[in-house]
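Notes follow the structure.
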Amino acid sequence: MRYLFWACLRAEWVQMRHYWLNTLSALAFALMLFLMLYFGVRAFGAPQADYAALVIGYYAFMLTNVGFQRVAAFLLTESQTGTLEQLALSPFGLVMATLAHMVSYLLSVALFGAVGLLATMAITGVWLPFDLPAFGVMTLLLVGQAYALGLAMGGLALRFKRIGDLMQVVSMALVVFLLAPAEGVGNLAPLGPAWRLLQQWVQAGALPDATALGIEVARTATLLLVGALVYRRCERWARQLGLLGRYA
């Protein structure tokens, strides 16, 4: 398994280095979008205290949105290039190959996310308390829940192929999940509680209490399990219909 992981990690690095202009353009796009939000908030005269919420909120949205879309995009790309069946017939299987790709991509996103976060803090002049263990735990919870949704969408992509509009709908739903209030349904929706824990970390400079953190870890594990089950069910469905290696 470690050979598969290192191969995926090396492939990710080779693509980023080979298509360096595209890599830099993606980072520049994320920073320009943040600048639009930042100067818009300043134009309305928002207090300086709101800038910390803007920085961490934008970071959370970009991480979850990119992580969510990457899984389905990976499966659709492999399907279009005709290599999906090769992955399914490999000794590792399609699920393990997808997971290895997700982990390697997570490391690359974490690297560029850290660069982007430092850049946004430098722009706003708001330096968040950077406790590396707390930062890593909060980031893993957010990205894990986004990957769970991505796994489910990836399974639907295997079966229905063209789900671009549905991807846009779910991308907008991510914003609703992040901004949903803590009471009622908002406390049960994915992403929102993890983001609120991240906000607490920013305000307190340390991890939240063990009970709240344990509940969120259990929620993330449950969502990943449900996402994996949906993915496997859709994969078997696509195999039965002969759609696994065909793009329609």
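Residue numbers start at 1 and run along the sequence shown. Fair warning: this is a prediction, and the values are worked out from it, not measured in the lab.
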*asked:* Do Met153 and Leu174 land in one hydrophobic cluster if side-chain heavy atoms of ILVMFWY residues count as linked below 4.5 Å?
replied: yes
*Locate the shortest heavy-atom distance separating Ala30 from Met62; write the atom from each residue and the value.*
CB-CE, 4.0 Å
_Side chains of Thr220 and Leu140 in contact at under 4.5 Å (non-hydrogen atoms)_ = no
*Rounded to the nearest 0.5 Å, what's the gap from CE on Met16 to CG on Asn22? Could you check?*
11.5 Å
*Got a second to check how far Glu235's CD is from Gln240's CD, nearest 0.5 Å?*
11.0 Å
*Which heavy atom in Leu151 sits nearest to a heavy atom in Gly227, and how many Å separate them?*
CB-O, 3.7 Å
*With the 4.5 Å side-chain cut-off for hydrophobic clustering, are Ile215 and Leu142 part of the same group?*
no
*Give the C-alpha distance, both sets of side-chain angles, the deciding distance and a yes or no for side chain to side chain contact (heavy atoms under 4.5 Å, CB included) between Leu117 and Met121.*
CA-CA 6 Å; Leu117 184 60; Met121 289 191 293; 4.1 Å; yes
*At their closest point, which heavy atom of Gly155 faces which heavy atom of Cys234, and how far apart are they?*
O-CB, 3.1 Å
*Could you note down all residue pairs passing side-chain hydrogen bond (donor to acceptor under 3.5 Å, both in side chains) where residues 109-118 supplies at least one of them, sequence neighbours left out?*
none
*Kindly determine whether Trp195 and Leu191 satisfy side chain to side chain contact (heavy atoms under 4.5 Å, CB included), including the steps that lead there.*
CA-CA 6 Å; Trp195 183 52; Leu191 300 179; 6.0 Å; no
*Report the residues that fulfil ring-ring contact (aromatic ring centres under 6.0 Å, His included) with Tyr59, sequence neighbours left out, ordered by chain and then residue number.*
Phe135
*Sub-3.5 Å donor-acceptor pair from the side chain of Thr120 to the main-chain atoms of Val55, do we have one?*
no
*asked:* Test of understanding: clusters of I, L, V, M, F, W, Y form through side-chain heavy atoms closer than 4.5 Å, transitively. Do Leu156 and Trp237 belong to the same one?
replied: yes
*Over 60° means perpendicular and under 30° means parallel, so classify the ring planes of Phe34 and Tyr58, tilted if in between.*
tilted
*Would you list the pairs meeting salt bridge (charged side-chain N to carboxylate O under 4.0 Å, His left out) in which at least one residue belongs to residues 210-228, sequence neighbours left out?*
Glu216-Arg219
*To the nearest 0.5 angstrom, please state how far the OG1 atom of Thr23 sits from the CD atom of Gln15.*
9.0 Å
*For the hydrophobic clusters of this structure (ILVMFWY residues joined by side-chain heavy atoms under 4.5 Å, transitively), does one cluster hold both Val176 and Leu149?*
no
*List the atom of Ala148, the atom of Leu223, and the distance in Å for their closest heavy-atom pair.*
CB-O, 3.2 Å
*Working to the nearest 0.5 Å, report the span between CG of Leu118 and CD1 of Ile123.*
11.0 Å
*Might you point out which heavy atoms bring Leu31 and Ala119 nearest each other, and give the distance in Å?*
CD2-CB, 3.8 Å
*From Met36 atom CE to Met32 atom CE, the distance as rounded to the nearest 0.5 Å*: 8.0 Å
*For Arg10, does the CZ atom have more than 12 heavy-atom neighbours from other residues, nucleotides or ligands under 6.0 Å away?*
no
*Tell me whether Val115 is reachable from Trp13 by hopping between hydrophobic residues (I, L, V, M, F, W, Y) whose side-chain heavy atoms are closer than 4.5 Å.*
yes
